[in-house]
Protein chains: 2
Amino acid sequence: MQKEIELFKEHLKKINLKVTSQRLKVLEAFLKTEKHLSCEELFLIVHRNAPEVGYTTVYRTLKLIQKSGLAREVDFGDRVSRLEHEYGHQHHDHMVCLKCGKFFEVYEPEIEALQDKLAKKKNFTPVRHKMEIFGYCRECGKK
Amino acid sequence: MQKEIELFKEHLKKINLKVTSQRLKVLEAFLKTEKHLSCEELFLIVHRNAPEVGYTTVYRTLKLIQKSGLAREVDFGDRVSRLEHEYGHQHHDHMVCLKCGKFFEVYEPEIEALQDKLAKKKNFTPVRHKMEIFGYCRECGKK
DNA sequence: ATGAAATTGAAAATCATTTTCAATTATACT
DNA sequence: AGTATAATTGAAAATGATTTTCAATTTCAT
Ligand SMILES: [Mn+2]
Ligand SMILES: [Mn+2]
Ligand SMILES: [Zn+2]
Ligand SMILES: [Zn+2]
């Protein structure tokens, strides 16, 4: 976790932003929680131990965490932004159950390779992609 | 276009909803515009010829158009819901340029097949999926 | 220590979308 | 054709996530 905190501080320095206790508290709460967190969920976690940190600051800090490369946004189509760990985590995509809402992380190297190939064929320089398969999980699929 | 209108009317009948001039006006505007339209964009188009149709009705009708199978929602990550034609159109995914915002429709059968295979492997029953590749288009990629 | 520049949190604003509700309209059934 | 009933309508208000505003506070290079 120290490595991540250092990377975050470096990122702040690089863009002339200041290291504040609020920002560190938000970052640490994010790092300790290995989940796909919405801003609100993270605010509630931070708020428990540090009620002095405002909602707005959590929002703003989450943007910084993303930009520092420690997190990426995931979008399950419900119009709520969620963050997942990026640093030290392999890229992956998701399958989302339309009934119970559970989701599963998936990674298929063959698909990843074909995506790059497809982009190249179209003279497109890929930066990132998003793939979500919606359907019914093992339990919910049994009708 | 008549075929689509018939399908829409059938869908309404099936769920005991009424055929109204407002709904037909919204549908026709959608069918005539082969674009990835947001609700607001479609409202403006409808409004030109039929200022009596309200914003809310456009929203509500778009939901019906989706449910009738004539359109599907696309999500380019900007928190705005857009609809594209579904009926008579092959499924496809998108590549979105991070610089100029242009997007391209892509279809790669090998990827589609692997997605299904992946789902099956996880005992997941796929219903639909979404794949977007973000990056730089041919023009913007040249720096 | 000092001061310029950045940060903060509360409240207000924004923006897409959804809900509410009283007035209007479509449709099934005389 | 007339009527009853349930659905529909549009304007306005509500919602909910996110963003902006701003005066007070804090950081950090000097
Ligand atoms: Mn994940
Ligand atoms: Mn498309
Ligand atoms: Zn499920
Ligand atoms: Zn471009």
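Side chains included, hydrogens not; waters and symmetry mates left out as well; all remaining heavy atoms used. Protein chains get the first letters and strands the later ones, always in sequence-line order, with residue 1 at the start of each.
Distance CZ (B/Arg60) to C1' (C/dT19): 9 Å, rounded to an integer number of Å. Here the C1' atom of nucleotide D/dA17 and the CD atom of A/Glu73 are 12 Å apart, to the nearest Å. Here D/dA7 presents its P atom at 11 Å from CD1 of B/Ile15, a figure rounded to the nearest Å. Atom CG of A/Leu12 is separated from atom P of D/dC28 by 9 Å (rounded to the nearest Å). Atom CD of A/Gln22 is separated from atom C1' of C/dA6 by 12 Å (rounded to the nearest Å). One atom, CG of A/Leu64, and another, C1' of C/dT7, lie 11 Å apart when rounded to the nearest Å. The nearest whole Å value for the distance from the OH atom in B/Tyr59 to the C1' atom in D/dA11 is 15 Å. Rounded to an integer number of Å, the gap from B/Asn16 CG to C/dT27 P is 12 Å.
For B/Lys18, counting side-chain heavy atoms from C-beta on, the closest listed nucleotide (D/dA6, D/dT18, C/dA11) is D/dA6. Listed nucleotides: C/dT27, C/dT17, C/dT8. Nearest to the side chain of A/Arg23: C/dT8. Checking D/dA11, D/dA7, D/dA17 against every side-chain atom of A/Glu40, the shortest atom distance belongs to D/dA17. Each of D/dA12, C/dT8, C/dA11 was ranked by its minimum atom distance to the side chain of B/Thr56; first place goes to D/dA12. In this structure, the nucleotide among C/dT20, D/dA7, C/dA6 sitting nearest to the side chain of A/Leu17 is C/dA6.
No salt bridge links A/Glu73 with A/Arg82; every basic N to acidic carboxylate O contact stays at or beyond 4.0 Å.
At a threshold of 4.5 Å between non-hydrogen side-chain atoms, the residues A/Met131 and B/Asp93 do not count as touching. Looking at B/Lys67 and B/His11, their side chains come closer than 4.5 Å, going by heavy atoms from C-beta outward.
Closest-nucleotide positions on DNA chain C for B/Ser21 and B/Ser81 were compared, and the one nearer the 5' end corresponds to B/Ser81.
No engagement by B/Ser38 is indicated, since no non-hydrogen atom pair under 4.0 Å with the nucleic acid exists.
One finds no side-chain N or O of A/Lys63 lying less than 4.0 angstrom from the OP1 or OP2 phosphate oxygen of D/dT18. Within the 4.0 Å cut-off from OP1 or OP2 of D/dT9, at least one side-chain nitrogen or oxygen of B/Thr20 is found. Put simply, B/Arg79 has a side-chain N or O that comes within less than 4.0 Å of OP1 or OP2 on D/dT18.
The backbone N or O of B/Lys25 sits nowhere less than 3.5 Å from a side-chain atom of B/Glu28 that would complete a donor-acceptor pair. When atom types are taken as modelled, the side chain of A/His85 and the backbone of A/Phe30 share a donor-acceptor pair closer than 3.5 angstrom.
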